[in-house]
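I have placed the structure first, in the form of structure tokens, so that the comments after it can refer back to it.
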There are 2 protein chains.
Amino acid sequence: MKKECLQENIAQDEHFVLRDIFGLDVRPFTELHRFAAEEDILREGERPNYLYYLVSGRAKLYLTHDNGRITLINFLGAPCFLGEMELLDEEKYSDGVKAITECVCYAIRINECRERLLNDTEFLRYLCRFLSRKAVGNTANYSRNQSYPLKNRMASFILETAVNGMYRERHTEVAEYLGVTYRHLLYVIAELVQDGTLIKTESGYRIADLGKLKRLFIDFN
Amino acid sequence: MKKECLQENIAQDEHFVLRDIFGLDVRPFTELHRFAAEEDILREGERPNYLYYLVSGRAKLYLTHDNGRITLINFLGAPCFLGEMELLDEEKYSDGVKAITECVCYAIRINECRERLLNDTEFLRYLCRFLSRKAVGNTANYSRNQSYPLKNRMASFILETAVNGMYRERHTEVAEYLGVTYRHLLYVIAELVQDGTLIKTESGYRIADLGKLKRLFIDFN
DNA sequence: GTCACTGTATGAGAAATCTCATATCCGTTA
DNA sequence: TAACGGATATGAGATTTCTCATACAGTGAC
């Protein structure tokens, strides 16, 4: 991770987006962090030192079960807070968050302003709205998902997770995330390859026919 | 709806639960409302005059689509806020909430204390925690759901919605909520009747074998 | 009363998805 | 090096779920 702790830059940034979110001027506590694709942003079980605000990039949210199984819980796209639960909830241990593409985040040193944040009504109101909208969005998403065959959901998933036209997720993980058997996932991927939608390569699946993929995705809405 | 506006009672209530949630003493703005089963608690599209806190009972959350279709979005059980989004979000119109069983709610007259609530950090923090936990719960619930056949999900659903051992939901609605076709829902209900788990009567389906239903539900965890 | 509309109901065949079995490959560890 | 666990692969058959078609009862509009 590349820390660009240039607070001078942030301090002078006229368009600093967090200004609209916080009542408190958080610039003195804010750094700019850059995570490469695949890099961990929040490590599971660790209490983070920062409250992150994802400015650009996409990330995934993980959870490891008691039995050691890892589940992909959700996707996160900018703009979005990361680690907000850990800020609010004393008991809450962090879920894992990993960058899919390069991610740029504002990182607020919560150790230095936790109390002030928890008393910043503007921030708290923003967070409540953010959380309740996210909940509504999730619910809508779920109920839509349930209603379509895997091929469509898979198209959506591939579009969401591919980087530079390459899809390289773990089949086992994805099967769990999408709630289907590993076997079935392979069937459907094989179908997409058969279709000419994907091409299997050494290093992953290359999107060969973006139009086809998008059409599947659209039928899905 | 029976309003029991006995603020004297509330004012004297030593164990008033909202005391732990709000920094502000909301007792002067709080009434006790009682809704019968099937009664509307929040009417869709209307801006509610109260922020409700469900003390006991179960309710369901509805949404009407542009095309007029009604979808059952979710279930709500005590303790739970109702109408919190509408308090926070200016633009947000209310979803519909309808009582399943008799519901007892504290009803806070937001017109009289909206500003103060939106500046009550204790309340806002509580609400953030509540929302984020709800989101986590939903996600967990959702991913579990995906993985089980309708018979199990149906058992869970019947246990959740039955009142006094009678199940009377609309099949069309339920099919939509559970994300299956109407046809398939009927198949599975027929199976449960075949089983001897349910008995079809004039006024709905009677739970004939609670044990069987619970076993289906348990296999589902 | 008739017409549309919605909910309920049932059948038949097709598609989606699951279960179980088996095999290979790869990286880790003993 | 051998053994092992995890990920990838593929086949066969069973189960779940969907699509389409059809029918009947209730309700509100006209």
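Proteins get letters first, then strands, A, B, ... in listed order; numbering begins at 1 in each.
In this structure, the ring of B:His33 has its center less than 6.0 angstrom from the ring center of B:Tyr50. When ring centroids are compared, A:Tyr177 and A:Tyr62 stay outside the 6.0 Å threshold. Under the 6.0 Å cut-off for aromatic ring centres, A:Phe123 and A:Phe81 qualify, their centroids lying closer than that.
Across all strands shown, A:His184 has heavy atoms under 4.0 Å from base atoms, whether or not it also approaches the sugar-phosphate.
Separating the CD atom of B:Glu169 from the P atom of C:dG7 is a distance of 14 Å, rounded to the nearest angstrom. Going from atom OH of B:Tyr182 over to atom C1' of C:dT8 covers 4 Å, rounded to whole Å. Distance, A:Ile189 CD1 to D:dA9 C1': 11 Å, rounded to whole Å. Straight-line distance from the CG atom of A:Leu186 to the P atom of C:dA23: 18 Å, rounded to whole Å. Whole-Å rounding puts the B:Arg153 CZ to C:dT17 P distance at 12 Å. Remark: P of C:dA16 and CG of A:Leu185 are 15 Å apart, rounded to the nearest angstrom. Atom C1' of nucleotide D:dA21 and atom CZ of B:Arg183 are separated by 11 Å, given to the nearest angstrom.
When distances run from any side-chain atom of B:Thr181 to the nucleotides D:dT19, D:dG11, C:dT8, the shortest one goes to D:dT19. The side chain of A:Tyr187 approaches C:dC18 more closely than any other nucleotide in the set C:dT10, C:dC18, D:dA9.
Within the structure, every pair that satisfies the salt bridge (charged side-chain N to carboxylate O under 4.0 Å, His left out) test and touches residues 156-173 of chain A, not counting sequence neighbours, is listed here: A:Lys60-A:Glu169.
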Show the atom names and distances, to 0.1 Å, of all donor-acceptor pairs under 3.5 Å that link a side chain in residues 186-195 of chain B to residues at least two apart or in another chain.
residue	atom	partner	partner atom	Å
B:Tyr187	OH	B:Arg183	NH2	3.1
B:Glu191	OE2	B:Lys151	NZ	3.2
B:Asp195	OD2	B:Lys151	NZ	3.0

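Each of A:Leu150 and B:Arg170 was assigned the nucleotide of DNA chain C with the nearest heavy atom; the assignment lying further toward the 5' end belongs to B:Arg170.
For C:dT6, the OP1/OP2 oxygens have no side-chain nitrogen or oxygen of B:His171 closer than 4.0 Å.
Taking all atoms of both residues into account, the shortest heavy-atom contact from B:Ala78 to B:Val55 is CB-O, 3.2 Å.
Between its opening and closing five pairs, the helix from C:dG1-D:dC30 to C:dA30-D:dT1 changes axis direction by 40°, a value rounded to 10 degrees.
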